[in-house]
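This report refers to the structure that appears directly beneath it.
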Amino acid sequence: QVQLVESGGGLVQAGGSLRLSCVVSGSAFNINFMDWYRQAPGKERELVALLHYTGDTNYADSVKGRFTISGDNAKNTVYLQMNSLKPEDTAVYYCHERVYGNWGQGSQVIVSS
């Protein structure tokens, strides 16, 4: 059974940075099948960043140029580096793997103005 455990959320001022981590355990796994979603209060969950098996990446328009998704297969970990954070980035962030459809537990990110 694949498990995803997130860390790194918190409270930060606008313009600051945070890095989220998501460790995958329970199975041999290529972390290049993972992505990050977020869900703000009262809104639907949305895709933020996606890591392809080729190593290519895709981002939501709202985070392009500010967020970076990366992975380390040796550590079974995927990261989301978030720079120049804005109050509208406030949400619960979830890592997700596309092979079996498992989700992380969610990490709260709060950006104060």
Side-chain donor-acceptor distances from residues 43-52 under 3.5 Å, at least two apart:
from	atom 1	to	atom 2	distance (Å)
Glu46	OE2	Arg38	NE	2.7
Glu46	OE2	Arg38	NH2	3.2
His52	NE2	Asn58	OD1	2.4

Chi angles and distances behind the side-chain hydrogen bond (donor to acceptor under 3.5 Å, both in side chains) call for Ser17, Asn83: CA-CA 4 Å; Ser17 298; Asn83 298 329; 2.9 Å; yes

Residue pair Phe67, Asp89: steps toward the side-chain contact (heavy atoms from CB on, under 4.5 Å) verdict: CA-CA 11 Å; Phe67 289 14; Asp89 295 318; 3.9 Å; yes

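Of all the heavy atoms in Lys64 and Tyr59, the pair that sits closest is CE-O, 3.4 Å. Residues Arg66 and Leu85 come closest through the heavy atom pair NH1-CA, 3.9 Å. Val2 and Leu4 make their closest contact through CG1-CD1, 3.6 Å (heavy atoms, listed as atom of the first residue, atom of the second, distance). Between Met34 and Cys22, the shortest heavy-atom contact is CE-SG, 3.8 Å.
Residues Val12 and Tyr93 share a hydrophobic cluster, clusters being chains of Ile/Leu/Val/Met/Phe/Trp/Tyr side chains in contact below 4.5 Å. Side-chain heavy atoms closer than 4.5 Å link hydrophobic residues (I, L, V, M, F, W, Y) into clusters, and following such links, possibly through other members, connects Ile69 to Val24. Following chains of ILVMFWY side-chain contacts shorter than 4.5 Å, one can reach Val63 starting from Trp36, so the two form part of one hydrophobic cluster.
Thr90 places a side-chain N or O within 3.5 Å of a backbone atom of Val111 that can act as its donor or acceptor partner. One N or O on the side chain of Asp72 and one on the backbone of Lys75 form a donor-acceptor pair closer than 3.5 Å. Checked by atom type and distance alone, the side chain of Glu97 pairs as donor or acceptor with a backbone atom of Asn102 at under 3.5 Å. Using modelled atom types, no side-chain atom of Tyr94 and backbone atom of Asp35 make a donor-acceptor pair closer than 3.5 Å.
Evaluation of the side chain to side chain donor-acceptor pair (under 3.5 Å) test over residues 103-113, restricted to residues two or more places apart or in two chains, returns Glu6-Ser107.
Taking 4.5 Å as the limit, some side-chain heavy atom of Val109 sits within range of a side-chain heavy atom of Leu20.
Expressed to the nearest 0.5 Å, how far OH of Tyr37 lies from CG of Leu80 amounts to 13.5 Å.
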